[in-house]
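To keep things clear, I will list the structure first and then write my remarks on it.
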Amino acid sequence: METKSMQAVEPLYIKVHETDNVAIIVNTGGLDKGTHFPDGLELKERVPQGHKVALTDIKENEPIIRYGEVIGHALKTIEKGSWVEESLVKMPQSPELSELPLATNIPKTLPPLEGYTFQGFRNEDGSVGTKNILGITTSVQCVVGVLDFVVNRIKKELLPKYTNVDDVVALTHNYGCGVAINAPEAVIPIRTIQNLAKHPNFGGEALVVGLGCEKLSPMRINPNGKESDIISLQDQPGFAGMVQSIMEMAEERLIKLNQRQRETCSVSDLVIGTQCGGSDAFSGVTANPAVGYAADLLVRAGATVLFSEVTEVRDAIHLLTPRAVNEEVGQALIKEMDWYDQYLALGGADRSANPSPGNKKGGLANVVEKSLGSIAKSGRSPISGVLAPGEKATEKGLIFAATPASDFVCGTLQLASGMHLQVFTTGRGTPYSLAMAPVIKVSTRNSLTEQWKDLIDINAGTIATGEATIEEVGWEIFRFILDVASGHKKTWAEHWGLHNDLALFNPAPIT
Ligand code: CA
């Protein structure tokens, strides 16, 4: 403990790459004007925690370099030791999509990692669940009020009888009617609802609640295609009849789900999602590289690892296309970037809509700096596949699953891709979680972990203070993933029963 407090007092900055001309301040609360660093650097002014200090004089229009990459140009001369505040940084152009190198620097496949397993629920189709959940799918928002009422009763009256079932989750959304269901981009929300219903945590059991007059027919999203799995509220004798029918159908399925048993499964059965939310300047040097290390361990053990968030990849895409396992995968990456560029342009927005005010307060000047830190989550493996939003993952290895960066939308789409568990890094702090799969929260800073002891699962802030290495925290994340996937340990969000709503990505018109 003594060393810890000593470390906290000593002024500390982190320079990521040898060519960087800025570094970020580690100390909680920031550092005052006049602070001397052991290497002789003196602060010309106060610099907040996580914000950048100039390591050399940076003249007007000269590049500002972090992670060995240009994150912007100086709008006026910044003296050595000064705060490189966001308003001094002019954002560079995004990499041109037509000029990217494809599969030119494919990383060497890391040696296989053997001897690790987890306890999962094997399904008839060969997939594996990490939880045992009754999932109730909906074809339209109109049914949600009734369904919420019934889910409350199921939790109180039925679930206690079936102790082997973890939860009942209603897959609710605002799609289904009043939407341009034949528009080309409607494929995204429809595919998402279809694939959510097939999630391996639901054990192959299906229950679909529809209204009866909606555009999205319940059969279209019914995973097993059986009429007997669908209940249509307009056919029921009043509210009491609706409640009774859904309760009866739920109980039939709970009886079957209750038979499921955990068995030893290979790590290659896992689909692990990664995401960041509420990022700060530490994200790219502590939590994200540690998650990247864990991602490499998972890939080495044969698992599928998803990384996402197009707007936080776009400005670092020139570092990703060379890692594509072949040109086809490289082209697929570009296709998703291009689609999103057009989607943003159509809405009159561009990438400057990201980062958030909180990101900026945490020291991130712009989306270029945010992206360079964000892609650290992808580790060092070759990129072996690309999924369009809401597509199901079928391949092993590191996969780019295209999603918006919005936490809930990314979470929902990764669930549709079959994600068993999400590793979520945060610097500013968010209590975000999901009902269908656990979310492990990794903090970028010691101070956030101390502030949110009962929400943060893993602290990567120790990497900034030198108390732990990226490898050590990476292994901690990897082992915790296997414990949570096995049901041996719970995340804080599971402990408290926290979860956000599902949030569909619907780029098609609403009518
Ligand atoms: Ca996010």
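All values derive from a computational prediction rather than experimental measurement. Ligands are counted one by one from 1 in listed order, and the atoms in each one are counted from 1 as well. All residue numbers in this chain count up from 1 along the given sequence. Atom set for the values below is all heavy atoms of this structure, side chains included, hydrogens, waters and symmetry mates excluded.
Around the Ca ion (ligand 1), the protein contributes the following N, O or S atoms at distances under 3.0 Å: Gln275 OE1, Cys276 O, Glu309 OE2, Ala405 O, Asp407 OD1.
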Please output the side-chain donor-acceptor pairs of residues 167-175 that fall under 3.5 Å, not counting sequence neighbours, one pair per line with the distance.
{"residue": "His173", "atom": "ND1", "partner": "Tyr175", "partner atom": "N", "Å": "3.0"}
{"residue": "His173", "atom": "NE2", "partner": "Thr138", "partner atom": "O", "Å": "2.8"}
{"residue": "His173", "atom": "NE2", "partner": "Thr138", "partner atom": "OG1", "Å": "3.4"}

As a quick check of understanding, evaluate side chain to side chain contact (heavy atoms under 4.5 Å, CB included) for Leu102 and Leu333, giving each step before the final call.
CA-CA 10 Å; Leu102 304 179; Leu333 268 171; over 6 Å; no

Could you go step by step and tell me if Arg220 and Ser139 meet the side-chain hydrogen bond (donor to acceptor under 3.5 Å, both in side chains) rule?
CA-CA 9 Å; Arg220 210 169 153 189; Ser139 52; over 6 Å; no

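The local environment of CD in Gln93 is sparse, with at most 12 non-hydrogen atoms from other residues, nucleotides or ligands closer than 6.0 Å.
Between Val484 and Ile440, the closest side-chain pair of non-hydrogen atoms falls below 4.5 Å.
When ring centroids are compared, Phe478 and Tyr293 stay outside the 6.0 Å threshold.
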